[in-house]
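Here is the structure we will look at, set down as structure tokens.
Just so it is clear: chains get the letters A, B, ... in the order the sequence lines come, proteins before strands, and each one is counted from 1. The model shown is predicted, which means the values in this text are computed figures rather than measured ones. For the numbers below, each heavy atom of this structure counts, side chains included, while hydrogens, waters and symmetry mates do not.
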Protein chains: 2
Amino acid sequence: MVEEEILLQQLFEEEKLTDKQKKILLAAIDTFSEKGYAATSTSEIAKKAGVAEGTIFRHYKTKKELLVSIVTPLISKVFGPFIVKDFHKVLDQPFENAEDFLRATIENRREVFKKLLPVIKIIMQEIPFQPELREQFVEQVAKKTYERILVVIQDYQDKGQIIDMPPASVARLAVSSIFGYLISRYIFFPESEWDDEIETERTVHFILHGIGKK
Amino acid sequence: MVEEEILLQQLFEEEKLTDKQKKILLAAIDTFSEKGYAATSTSEIAKKAGVAEGTIFRHYKTKKELLVSIVTPLISKVFGPFIVKDFHKVLDQPFENAEDFLRATIENRREVFKKLLPVIKIIMQEIPFQPELREQFVEQVAKKTYERILVVIQDYQDKGQIIDMPPASVARLAVSSIFGYLISRYIFFPESEWDDEIETERTVHFILHGIGKK
DNA sequence: AATAAAAGTGAGTGATTACTCACTTCGAAA
DNA sequence: TTTCGAAGTGAGTAATCACTCACTTTTATT
């Protein structure tokens, strides 16, 4: 309950929310992430939130608007921070080498991923079907974040720490490795025992040196 | 139309299908992959297939049975072959080095991915929500395939071509890279221009040597 | 040609869906 | 204390949902 409050606070920090509104959002996040958006009925959300069904539609004109109002702040606050926080880490107190940057990035994204897991599940599920969400995602992530990542990569390429592969391909490969780790860790095999420190090191080493023996 | 016939033939080769049954399956694959299972109505499938709604339920007791009967053969015929074909390639006419094996694997998976894209989308979408499918998937893919991959990895480790990282981690990292490529290629940015030969080489090089400069 | 089983049909079923609206309750400002 | 807009309610609505069933048509076997 307390932890959920924190999640809400992070996603809707600037908005004033009624008590019942919070309950609606939490119930919606819970059910969407568990059963999927289309398979969730508004009556179910109302029931779980302990609220009349009409109350939902007092605040959100449609069911889709409820979905969007959950996902939108996430997109700007999870992928946005990649830009702001981590990028400033690089510029303001730049990591000497790519290795430290990678390690910091993985650990940082892991925290966010873990904390916002239910909402991230919703995004992953609904992006293929909701053009509205996809467009937002592309705008926020593909364009903004991507451009910044490219700059970071080129920075380390200039320093001679990264091979001369097109930055777009470098980005794809590194991002695949990081998200592959997070998805294995929190979605596919959350039950397994994970030594996160060691796995992070392995991932960093892999991104930099691969699995081949010289 | 012809290409779709081939897809059906591959998935349902041993079953005798009526003309209308084929049309139902194609319409279902199409709509499920486009809008998602839960958001697709049986009346919509019937309409798209040019068939009465009752005809669907003549062959499939429930909507979920229709889903399962599409996904099940895919799991055993697409992910099964990962085991059989590719693994036998390694054992019967073993690749001398890990590099050749990787290249062959990526190219092989790319063909399959491309050909069965709509059905793969359905699997990816529905596995989180359908315990029945997830169990099948785990049984057929995660267990069998995974065990075989581990053997291959250990084989190359014994040959001294792969570093001494636990095979499970090696598998995760390599599979992430390959699927990261395929997902970028066919799901996220199918519209972009891709030079598959070059990207395959980059992915192979990345898996073996990373992006770091020695 | 006769027959039976399988395939196909479409109107009809009760349940559920997202959403509305006339109404009540609440909370803060005047 | 009065007042007024926002918050909350829940019975009601038309549409749609997955699914049924009595019936017709097609197909294969003799």
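- No more than 12 heavy atoms of other residues, nucleotides or ligands sit less than 6.0 Å from atom CD of B:Glu132.
- Rounded to an integer number of Å, the gap from CG of A:Asp19 to P of C:dG27 is 11 Å.
- Side-chain contact check for B:Arg172 and A:Ser184: no donor-acceptor pair (N or O, by modelled atom type) lies under 3.5 Å.
- The closest side-chain donor-acceptor pair between A:Glu53 and A:Ser43, if any, does not fall under 3.5 angstrom.
- Heavy-atom contacts of chain B under 4.0 Å fall on DNA chain D between two terminal nucleotides, which in 5' to 3' order are D:dC17 to D:dA22.
- Residues A:Phe189 and A:Trp194 approach most closely at O-NE1, 2.9 Å, considering heavy atoms.
- Applying the 6.0 Å contact sphere to CD of B:Glu107 captures more than 12 heavy atoms from other residues, nucleotides or ligands.
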Distance-only criterion, 3.5 Å: show the donor-acceptor pairs between side-chain atoms of residues 121-129 of chain A and protein atoms not counting sequence neighbours.
residue, atom, partner, partner atom, Å
A:Glu126, OE1, A:Gln130, NE2, 3.4
A:Glu126, OE2, A:Tyr37, N, 3.4

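- Counting any heavy atom pair closer than 4.0 Å across all strands shown, B:Ser41 reaches sugar-phosphate atoms only and no base atom.
- The aromatic rings of B:Phe113 and B:Phe179 stand perpendicular to each other, their planes meeting at an angle above 60°, with 30° marking the opposite boundary.
- The aromatic rings of A:Phe206 and B:Phe206 stand perpendicular to each other, their planes meeting at an angle above 60°, with 30° marking the opposite boundary.
- Looking at residues 53-70 of chain B, you'll see B:Gly54, B:Thr55, B:Arg58, B:His59 sit with a heavy atom under 4.0 Å from some atom of DNA chain C.
- Between the P atom of C:dC26 and the CD atom of A:Gln21 lies a distance of 18 Å, rounded to the nearest Å.
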